[in-house]
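In what follows, chains are A, B, ... by sequence order, proteins preceding strands, each numbered from 1.
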There are 2 protein chains.
Amino acid sequence: MIGGWEDIRAEVLRRISTQEWPAGVLIPTEEALAQEFGCARATVSRALRELAQAGVVERRRKAGTRVAVLPVRRATLEIPVIRQEVQARGQAHGFQLLRAERLAPPVPVASRLGLAAQDPLWYLETLHLADGQPFVFETRWLNPAILPAVMPDFTALSVNEWLVKNVSYASGDIAFSAAGATAREAEVLGVAAGAALFITERSTWRAEAAITFVRLAHAPGYRVQTVV
Amino acid sequence: MIGGWEDIRAEVLRRISTQEWPAGVLIPTEEALAQEFGCARATVSRALRELAQAGVVERRRKAGTRVAVLPVRRATLEIPVIRQEVQARGQAHGFQLLRAERLAPPVPVASRLGLAAQDPLWYLETLHLADGQPFVFETRWLNPAILPAVMPDFTALSVNEWLVKNVSYASGDIAFSAAGATAREAEVLGVAAGAALFITERSTWRAEAAITFVRLAHAPGYRVQTVV
DNA sequence: CTCGGCATTATGTGCAGACATAATATCTTC
DNA sequence: GAAGATATTATGTCTGCACATAATGCCGAG
């Protein structure tokens, strides 16, 4: 059967991709489309809202809906927990806590978390393994204020997973980049110094309070992939 | 004022992040929540649908809504056109078409596009500049079947932009990785061979027909960033 | 006890109507 | 003609109702 909001979304997308409605032009109002398709305005609204979320059209009150001039495609990436990512490849996950100490953070880290550089934070180095091979080297700065009185045993449960279980659904930002392996990264991952590594950096807050900053140096060959 | 779907979403998120509703448990039905918040079921439904899209809860008919056990965060990346990306930094965009010829694609490219390796494709090399400095080196394989009889003038309009204007809103996939600069990439970008480069690879289809495969080698320092 | 069909139930979608909101367009005044 | 007040209008949201859909879990036949 036809007429659902998904069909309407598909039809509108078709008219846009065939240039029937070229980039930049106003498309008919919800009411006009509802009449054309013989459905309620809410149904058209739902379809157009989804297209707006995908970046295909831009909507503004009173101004109407227009085809996006610059098709800024939005891709959604899934950011899984490392253990899960390893297991999804059919490999066994393991990890070693290489270092855990209190240190004053370097200035870039402190500023990114919005903390004074003198405040000592927990500094943790963890190496994650896939089938015993180095998979990703995690260096993490952790705000001690968010930890309970007794420090959890991070040799048994990875910091990552402790965090998602205990301070989950915080907000933050992620950045991806490439960098040559530092001496330490080369040593731990077993690659040559300067080898191209995929780097994920993530900082996390909860209600204005900084929680953690983590840098993941992935072993060579790592890719992050998604469909558009 | 309170009571909108965004407030309900926030309240549900609060109950989840404070473990009032721990991971894995069923939360009350839409109807129950609607009664509690004194609103219509559709309003609760809207809030929960958004949370499901964000990966915070999982919903199944009849089974109900439960807090996601493994918080697979979803981050949305914006994939702009290169010119726009350069201009957003306040820099001037320019580009040079370095090569344009018909070649049989190497096997990995052909297989990724689902074409026979013998079919010659267009092979295009473009260097994008930001304020005259190398910004990204684009190597592209283009299916000639989708081009018009007369080849567009890609020295005036970048291939990228010709594509988004003419075969926009196709589907495809994107992958990010890191790799050492090849000899050619090092030469064109003006970096040392083996320098760590951020690589974006993208293949595009339209209705089962392969359109293009493009590899972007970004100049050092490039980051892709988003909020969660 | 096991297997298969059926009733139950929470979500998914749709409709018609209403009011809120924001931005544009128009009108008024100087 | 320019600046500010006002009317208009398309989208944003909500309500209350209805039916569709897909699992679940119960129940009965074997």
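Straight-line distance from the CD1 atom of A:I27 to the P atom of D:dA10: 13 Å, rounded to whole Å. Atoms CZ (A:R59) and C1' (D:dG12) sit 9 Å apart, rounded to a whole Å. With rounding to whole Å, B:E58 atom CD is found 12 Å from C:dG12 atom P. Taking atom CD of B:E30 as the reference point, atom P of C:dG12 lies 6 Å away to the nearest angstrom. With rounding to whole Å, A:E31 atom CD is found 17 Å from D:dT8 atom P. Rounding to whole angstrom units, CG of residue A:L26 and P of C:dA23 are separated by 15 Å. In this structure, A:Q53 places its CD atom 11 Å from P of D:dG12, rounding to the nearest Å. When the C1' atom of D:dT15 is taken as reference, atom CD of B:Q35 falls 15 Å away, rounded to whole Å.
Out of C:dA23, D:dA22, D:dA18, the shortest distance to the side chain of A:K62 is found at C:dA23. Proximity note for B:R41 (side chain, C-beta onward) versus C:dA23, D:dA10, C:dT13: the nearest is C:dT13. You'll find that the side chain of B:A42 is closest to D:dT15, out of D:dT15, C:dA23, C:dC15.
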Full working for salt bridge (charged side-chain N to carboxylate O under 4.0 Å, His left out) between B:E201 and B:R215 = CA-CA 4 Å; B:E201 287 174 324; B:R215 172 189 167 101; 3.7 Å; yes

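For the pair B:Q84 and B:E78, the minimum side-chain heavy-atom distance is 4.5 Å or more.
The nearest heavy atom of DNA chain D to B:G38 and to A:T65 marks one nucleotide each, and the one closer to the 5' end goes with A:T65. Mapping A:W5 and A:A63 onto DNA chain C via the closest heavy atom, the residue that lands nearer the 5' end is A:W5. Looking at which nucleotide of DNA chain C each of A:C39 and B:T29 is closest to, the 5′-most match is held by B:T29. Residue-to-nucleotide proximity on DNA chain D shows that, of B:R61 and B:A40, the 5′-proximal contact is made by B:A40.
Smallest separation of non-hydrogen atoms from A:L121 and A:P144: CD2-CD, 3.7 Å.
Between the A:S45 side chain and the A:R41 main chain, no donor and acceptor come within less than 3.5 Å of each other. Between the A:T226 side chain and the A:L77 main chain, no donor and acceptor come within less than 3.5 Å of each other.
Relative ring orientation between B:H218 and B:F135 is described as perpendicular, the plane-to-plane angle rising above 60° on a 0-90° scale split at 30° and 60°. Classified by interplanar angle (parallel below 30°, tilted 30° to 60°, perpendicular above 60°), the ring pair A:W162/A:F154 is perpendicular.
Residues from residues 8-16 of chain A with heavy atoms under 4.0 angstrom of DNA chain C: there are none. The stretch residues 43-51 of chain A touches DNA chain C through A:T43, A:R46, each having a heavy atom within less than 4.0 Å of the strand.
Residues B:T212 and B:R140 have side chains that bring a donor and an acceptor to within less than 3.5 angstrom of each other.
In summary, B:R89 and B:E85 do not engage in a salt bridge, as defined by a charged side-chain N under 4.0 Å from a carboxylate O.
With rounding to the nearest 0.5 angstrom, the CZ atom of A:R14 is 11.0 Å from the CD1 atom of A:I16.
For A:R60 and C:dT24, the shortest distance from a side-chain N or O to OP1 or OP2 is below 4.0 Å.
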